Novice: 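Here it is, the structure in full.
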There are 2 protein chains.
Amino acid sequence: MERAPGHRAGLTRAAVVGAARELLSERGLTGLSMRALAARLDVAPNALYSHVASKTALLDAVLDDVLAEVDTPTEDGDPAEGLQRLMTSTYTVLLDHADLVPLYLSRQGAHGPNAQRLGEITAALLRRAEVAEPAVPEALRVLIVYTIGFAAFTRHLPPGAGTERQPSAAEMRGNFDRGLGWLLTGIRVQPDRRR
Amino acid sequence: MERAPGHRAGLTRAAVVGAARELLSERGLTGLSMRALAARLDVAPNALYSHVASKTALLDAVLDDVLAEVDTPTEDGDPAEGLQRLMTSTYTVLLDHADLVPLYLSRQGAHGPNAQRLGEITAALLRRAEVAEPAVPEALRVLIVYTIGFAAFTRHLPPGAGTERQPSAAEMRGNFDRGLGWLLTGIRVQPDRRR
DNA sequence: ACCTGAACACCGTTCAAGT
DNA sequence: ACCTGAACACCGTTCAAGT
């Protein structure tokens, strides 16, 4: 809790995570190596291991850190609208950190405190909508997969990759909104799987 | 088209891709290095570059190769059922090659001939269902994102990771089916985005 | 407790040379 | 055309030692 009294800064875990985020947005995922990170912090590469257990643990910390920026809706609004807004905000935040989106999926989402908080808020919104209790965790998983998946899919490729017309960011955002609407409609229209 | 007449095997591109697939399923993504692959084929590491331009190009070839195993529905069946079956088969195939699923998303799907063929079949099914023409490419993208995303999310973690109860493969498959049903329902109920 | 130098066991890729 | 030896420019991580 307390900072060291000395005037020499001294590395902290938060500083390591912050520098990792900076390096990530400046140089991308391939530019984020433990050695490059250490160089930016003016320490030897192995000094980082006093603050993070491994590169994987560091990436997990960065992942959850990013989710703190998601806008959560007010408690009392229309739940359907709240869901649409929450997922859209998540999509936007993920797009701002495009390089690490694939990591979310390969780790099945983040598992830190921020991710957990967002999951609980989403589940509460689903309950306040007309979603039956046993379908809530399933709908939650479907919404997470859809949102992270779409963000991963929207990442802009380096120009000139692929011959097909590349949809613009605005088109992809519209596509995301429409698909989310379909999903939310389907969840409410067909809470039960029998046809 | 023709094979070399000599009795000495000689490496081919197909052999490299095949060995890469084997290595991938035996040792996982981290086990698939160019050097390990070369060792398995009894050649020097740089010999591989006579057949593939880079590791990235090799992975792209593997990605599309895997999609050849997807079952495509018959021409004349119910289109809604055909969509459900096609996406489910894709999901199943992806799960059998869990380690490279995150790669599909980070490259926005595969772009080889097999991926293209599956995309065209899916679009045709959407048209044969009641989906309006301008919504077809959007619905296609949504289905791809959902299917690949869910497969990425289903990848089993090493045992003991995370404290929350881990859903079984059967539960995840049920979840996938339900979510796919929601999506297809929403696409048909709300072909237009105005409410 | 936190940091360093040095090392271990790896990577992908390139280049010049051989056949 | 296809393969090799050798090298380049890197990785993540560990260990013993210093303060």
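Because the structure is a prediction, the values reported are computed rather than measured. Within every chain, numbering begins at 1; the chains are lettered A, B, ... in the order of the sequence lines, protein sequences first and strands thereafter. Any value given below was found using the heavy atoms of this structure, including those in side chains, with hydrogens, waters and symmetry copies removed.
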Novice: Do other residues, nucleotides or ligands put more than 12 heavy atoms under 6.0 Å from A/E26 CD?
Specialist: yes
Novice: So for atom CZ, which belongs to A/R21, do other residues, nucleotides or ligands contribute more than 12 heavy atoms lying within a distance under 6.0 Å?
Specialist: yes
Novice: Using a heavy-atom cut-off of under 4.0 Å over every strand shown, decide if A/A47 touches base, sugar-phosphate, or nothing.
Specialist: base
Novice: Between C/dC3 atom C1' and A/L41 atom CG, what is the distance in whole Å?
Specialist: 13 Å
Novice: State the dot-bracket string of DNA chain D. Criteria: Watson-Crick or G-U wobble, both atom distances under 3.5 angstrom; notation: ( ) intrastrand, [ ] crossing earlier pairs, | interstrand, . unpaired.
Specialist: ||.|||||...|||||.||
Novice: Separation of A/K55 atom NZ from D/dT14 atom P, in whole Å?
Specialist: 15 Å
Novice: A/L48 CG to D/dG12 P: how many Å, rounded?
Specialist: 10 Å
Novice: Among A/L126, A/L83, A/L125, which one satisfies side-chain contact (heavy atoms from CB on, under 4.5 Å) with A/V131?
Specialist: A/L126
Novice: Contacts to DNA chain D from residues 15-40 of chain B, heavy-atom cutoff under 4.0 Å, which residues?
Specialist: B/R35
Novice: Determine yes or no for a side-chain-to-main-chain donor-acceptor pair under 3.5 angstrom, with B/T185 supplying the side chain and A/G186 the backbone.
Specialist: no
Novice: Looking at A/E138 and B/R178, does any basic side-chain N land under 4.0 Å from a carboxylate oxygen?
Specialist: yes
Novice: Should we say atom CZ of B/R85 is surrounded by more than 12 heavy atoms from elsewhere, each under 6.0 Å from it?
Specialist: no
Novice: For the side chain of B/S54, starting at C-beta, report the closest nucleotide among D/dC2, D/dT4, C/dT13.
Specialist: C/dT13
Novice: State, without any angle test, whether B/Y91 and B/T154 hold a side-chain donor-acceptor pair at a distance under 3.5 Å.
Specialist: yes
Novice: OP1 or OP2 of D/dC3 versus the side-chain N and O atoms of B/H51: is any pair under 4.0 Å?
Specialist: yes
Novice: For B/F150 and B/F176, take the angle between the two ring planes, folded into 0 to 90°, and tell me which bin it lands in: parallel under 30, tilted 30 to 60, perpendicular over 60.
Specialist: perpendicular
